[in-house]
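Here the structure is laid out as structure tokens; the discussion comes afterwards.
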Amino acid sequence: MKGIAGDHGRGGAHIAAALHSRPFRRLWLVLSLSSLGDWLGLLATSSFAAGEVTGATAKGAAFGGVIAVRLLPALVLGPWAGVLADRLDRRHTMALCDALRGVLFVSIPVVGVASGDAAVAVGWTVAAALVIEAVGMVWAPAKDAAVPNLLPAGALEAANQLSLATTYGLAPVLAALFMAALHGLAGAGTSGWAGATGLALYFNAGTFFANALVVLFGIPQISRGHRAGSSGRTLPQALAEGWHYVWRSPSVRVVVSRIVLAFGGAGVVIGTGEFFARAAGGGEATFSLLFAALFAGVAGGVIGAPLLRVRRTGYRLFQATLTAAGGFLAALALSPGLAVAMPLCAGMGTGAGIAFLEGWTLLGDGVPDRIRGRVFSFVEAGGRLALLLAISLSSLLVGVGGPLSVHIGHLTGEVPVARLLLFAAGAGLVVAGLVYARPPTPSGDGPPR
């Protein structure tokens, strides 16, 4: 096996090579439905909770509360989810998780209508969203760890391209269009058996039930190459083994830490976005345009990544594009207006998309199957935690602190805190990309060969 610093398919594997594998094609269908379900579920549960109460403050609290609670399981369950993914049969784990999520999504409108009490409806929606996210935390590392076992040599990056393009490109767009269509068919109501969000939740549950059946009966290869069991270790010992592997494997440690830092940078962008838009002379429309440019850049980076790996290994491309994303972010903080900010946002998204694709592929190629689930769960848990903290702290700092007065000689001016935070986040990513720009020298406990 190549180490994580190796060149995983110079020039990029063809998409057809990944789709040639029947088990992966079926898993990609499952992933597509799950991604659509996740985005649709996020929109529908939040709207359902908001629709159960009256008043702008209550609606805002209900909507935001459901979204915020989806990040909480990462703080507690994240690392343990990887232990379960490595310890249990992955096919049975994924099927059970999908079936549970289907049941929970069905229960949200049922409990809301049956209780007739807004407090009960909102409370159950929040509780169900929390459990759905916790179950999803177990499903994700099991899926990520199983993918390399379903593919021919050199096809992992193409498979990751398909997965990321579906998850962060096609699925959210389809979810938004589907919700809009349901609102048009069912009217403006957001609650009740025939309300738009209720229908969306039933449809969403159906996607997860279908996924469970496909995984359980249509993709037995998911369990291939993985020996489920405890190997004589307790859960804490298995968790400690995963942490020890990441810490003592230089290349793995660098990739994992850089992906987590990138999530933190994204959190700063989200937390300061609206404030930066106003500082750049715009408002909500400007904020939407900047994020559209960022999103388009991410999609373009994921699709076009293999074209850049002609003279660089995957590891060097990962560090180079992480540095580039940080540079675009720092430049964005200095941009004078929308005309300059939009291409900088697109450039930042492109660099981040390529870096994420390369990092995910490096981990899938270089980490052995027996511990892969734990490594992926560390990345997801650490990334969500970094995202949550960065959003909370940056939005708090921008909201509390007004513009800072700057005096240079006889010149006096004000610098918005949003710009300072964006520049600091960009500079941090640049430094992280330049440190260990080449693969670190493996230690004795590096990735097994």
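Scope of the values below: all heavy atoms of this structure, side chains included, with no hydrogens, waters or symmetry mates.
In this structure, Pro152 and Ser21 approach most closely via the heavy-atom pair CD-CB, 4.4 Å. The shortest non-hydrogen separation linking Leu357 to Val302 is CD2-O, 3.5 Å. Heavy atoms only, all atoms of each residue included: Arg101 and Asp98 are closest at NH2-OD1, 2.8 Å. When every heavy atom of Val430 is checked against every heavy atom of Gly326, the shortest pair comes out as CG2-C, 3.5 Å. Among all heavy-atom pairs drawn from Leu344 and Ser335, the shortest one is CD1-CB, 3.9 Å.
Relative ring orientation between Phe318 and Tyr315 is described as tilted, the plane-to-plane angle lying within the 30° to 60° band. The aromatic rings of Phe208 and Phe105 lie parallel to each other, their planes meeting at an angle below 30°, with 60° marking the opposite boundary.
Judged by distance alone, with hydrogens and angles left aside, the side-chain atoms of Gln319 form a donor-acceptor pair with the main-chain N or O of Val435 at under 3.5 Å. In this structure, the side chain of Arg372 engages the main chain of Val367 through a donor-acceptor pair within 3.5 Å. Distance alone, capped at 3.5 Å, places no donor-acceptor pair between the Ser249 side chain and the Val246 backbone. Of the possible donor and acceptor atoms, one in the side chain of Thr350 sits under 3.5 Å from a partner among the backbone N and O of Gly297. At distances below 3.5 Å, not a single donor-acceptor pair connects side-chain atoms of Arg91 with backbone N or O atoms of Ser223.
Between the side chains of Thr93 and Trp139, no donor-acceptor pair of N or O atoms lies under 3.5 Å.
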Evaluate side chain to side chain contact (heavy atoms under 4.5 Å, CB included) for Met94 paired with Asn211, printing each intermediate quantity in order. CA-CA 9 Å; Met94 291 173 63; Asn211 286 348; over 6 Å; no
Evaluation steps, side chain to side chain donor-acceptor pair (under 3.5 Å), between Trp28 and Thr166: CA-CA 9 Å; Trp28 182 43; Thr166 300; 3.0 Å; yes
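Looking at heavy atoms from C-beta onward, Pro23 lies out of side-chain contact with Ile222 at the 4.5 angstrom threshold.
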